[in-house]
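One structure below.
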Amino acid sequence: MIQIRPARTSDVREIRNIIDSFSTDGSLLSKATVTIFENIQEFLVAAEGDRIIGCGALHVMWEDLAEVRTLAVVPDRSNEGIGSQLLEQLLDKARALGIRRVFCLTFRKEFFGHHGFVEIENTPVGHEVYEQLLQSFDEGVAEFLGLERVKPNTLGNFRMLNENI
């Protein structure tokens with residue numbers, strides 16, 4: 001039986017392994033282990049017994065905006081709906097926080113499209129919020145803003161937004 005639950009610090013090594021299995025081909029950005037520990041409260045995991053078979057994170061960016069990050073399922077369990085379960089739980093978490101819009105940067109356009117995300121061209125925030133977000137040290141926020149320094153990380157990715165949370 002698969003359980004979707006908040007990640008624990010003891011899950012970090014397995015989350016790290018999942019990220020590593022997808023970062024070699026550029027599907028996911030690699031993250032330092034310390035970054036996973038620092039952001040563990042953002043993560044949910046899909047667990048089957050003691051084995052972590054999927055992960056995903058919700059990073060709040062602004063009052064009404066969050067990003068789904070690091071959503072992945074181990075390759076031997078893909079296409080079983082585990083990613084969808086994780087995403088739905090992350091969207092529930094966004095709703096509970098009062099978030100109305102959720103962003104993602106992905107190669108999996110069809111998957112996210114099935115969950116109400118649509119491709120966008122620009123950064124969907126006003127000038128004032130954009131200026132505030134520029135003050136963030138988070139690389140994911142820089143990717144959201146489309147800053148030149150992170151362009152090599154985002155080549156070929158789709159910028160997608162769900163405004164119906």
Side-chain angles (χ1 to χ4, degrees), residues 1-62 65-97 99 102-115 117 133 135-147 149-162 165:
M1 170 133 181
I2 298 169
Q3 176 191 18
I4 307 296
R5 62 165 174 78
R8 302 176 187 130
T9 56
S10 59
D11 299 327
V12 168
R13 301 282 184 250
E14 289 186 80
I15 293 170
R16 154 99 280 131
N17 290 338
I18 293 170
I19 293 170
D20 288 348
S21 71
F22 288 99
S23 63
T24 54
D25 70 359
S27 298
L28 284 180
L29 291 177
S30 183
K31 291 185 185 304
T33 303
V34 68
T35 302
I36 301 168
F37 276 113
E38 289 173 340
N39 298 305
I40 196 67
Q41 71 281 357
E42 295 181 355
F43 277 87
L44 296 178
V45 294
E48 191 170 51
D50 292 336
R51 182 180 181 214
I52 302 302
I53 57 174
C55 63
L58 182 76
H59 180 78
V60 175
M61 298 172 74
W62 199 250
L65 181 67
E67 179 183 8
V68 169
R69 296 179 171 180
T70 321
L71 182 61
V73 175
V74 294
D76 67 318
R77 298 303 300 274
S78 64
N79 298 315
E80 293 182 24
I82 299 164
S84 291
Q85 290 177 50
L86 279 163
L87 180 57
E88 287 304 320
Q89 291 290 319
L90 291 168
L91 295 177
D92 286 347
K93 187 175 179 180
R95 286 182 200 97
L97 292 169
I99 302 295
V102 176
F103 169 80
C104 71
L105 190 62
T106 184
F107 290 104
R108 304 284 310 270
K109 183 177 177 181
E110 186 176 315
F111 171 81
F112 281 95
H114 286 303
H115 294 279
F117 287 76
L133 291 174
Q135 297 177 45
S136 174
F137 293 106
D138 187 283
E139 285 298 302
V141 173
E143 291 165 347
F144 170 76
L145 296 175
L147 301 181
R149 66 182 168 84
V150 295
K151 290 277 187 194
N153 293 339
T154 63
L155 293 176
N157 284 350
F158 295 97
R159 301 168 63 77
M160 300 187 79
L161 184 70
N162 184 332
I165 301 300

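Remember, it's a predicted structure, so these values are computed and weren't measured experimentally. FYI, side chains are in, hydrogens and waters are out, and symmetry mates aren't considered; it's all heavy atoms of this structure. Along the sequence shown, residues are numbered consecutively beginning with 1.
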Between Ala94 and Ile165 the two heavy atoms that sit nearest each other are CB-CG2, 4.2 Å

Take a 6.0 Å sphere around CD of Glu110 and say whether it holds more than 12 heavy atoms from other residues, nucleotides or ligands. no

So salt bridge (Lys or Arg N to Asp or Glu O under 4.0 Å) across residues 20-47, not counting sequence neighbours, yields Arg16-Asp20

Residues at least two apart in sequence or cross-chain that pass side-chain contact (heavy atoms from CB on, under 4.5 Å) with Asn17, listed by chain then number, are none

Open item on the list: Are Leu97 and Leu58 packed together at the side-chain level, in the sense that at least one heavy-atom pair is separated by less than 4.5 angstrom?
Closed with: yes

The complete set of salt bridge (Lys or Arg N to Asp or Glu O under 4.0 Å) pairs with one or both residues in residues 84-96, sequence neighbours excluded, reads Asp92-Arg95

Sorted by chain and residue number, the salt bridge (charged side-chain N to carboxylate O under 4.0 Å, His left out) partners of Arg77 (sequence neighbours excluded) come out as Glu48, Glu80

Applying salt bridge (charged side-chain N to carboxylate O under 4.0 Å, His left out) to Asp76 and not counting sequence neighbours gives Arg51

Between Asn162 and Val68, is there a side-chain heavy-atom distance shorter than 4.5 Å? no

- Task: Measure the shortest side-chain to side-chain distance between Leu105 and Arg69 over non-hydrogen atoms and say whether it is less than 4.5 angstrom.
- Result: no

Sorted by chain and number, sequence neighbours left out, side-chain contact (heavy atoms from CB on, under 4.5 Å) with Ala72 holds for Ile18, Phe22, Leu28

Between Ile19 and Ser30 the two heavy atoms that sit nearest each other are CG2-CA, 4.1 Å

The side chain to side chain donor-acceptor pair (under 3.5 Å) partners of Ser23 (sequence neighbours excluded) come to none

Value for CG (Leu90) from CD1 (Ile99), rounded to nearest 0.5 Å, stands at 12.5 Å

For Val45 and Ala7 the tightest heavy-atom approach is CG1-CB, 3.8 Å

For His115 and Ser84 the tightest heavy-atom approach is NE2-OG, 3.1 Å

By salt bridge (charged side-chain N to carboxylate O under 4.0 Å, His left out), Arg108 pairs with (sequence neighbours left out) none

Fill in: Close side-chain approach of Phe111 to Thr106, heavy-atom, < 4.5 Å
no

With sequence neighbours left out, the residues meeting side chain to side chain donor-acceptor pair (under 3.5 Å) with Glu14 are none

ask   = Should Asn157 and Phe107 count as side-chain neighbours, where that means a heavy-atom distance under 4.5 Å?
value = yes

CZ (Arg159) and NZ (Lys109) are apart, to the nearest 0.5 Å, by 14.0 Å

Side chains of Val74 and Ser21: does their closest heavy-atom pair fall under 4.5 Å?
no

One should read off an interatomic distance between Thr70 OG1 and Leu44 CG, to the nearest 0.5 angstrom, of 11.5 Å

d(Ile4 CD1, Cys55 SG) to nearest 0.5 Å is 10.5 Å

Rounded to the nearest 0.5 Å, the CG atom of Asp11 sits from the CD1 atom of Ile36 at a distance of 11.0 Å

Correct closest heavy-atom pair for Ile40 and Thr9 would be CG1-N, 4.1 Å

Sequence neighbours excluded, the answer for side-chain contact (heavy atoms from CB on, under 4.5 Å) partners of Ala47 is Arg5, Ile52

With sequence neighbours left out, the residues meeting side-chain contact (heavy atoms from CB on, under 4.5 Å) with Ala96 are none

Across all chains, not counting sequence neighbours, the ring-ring contact (aromatic ring centres under 6.0 Å, His included) partners of Phe112 are Phe117

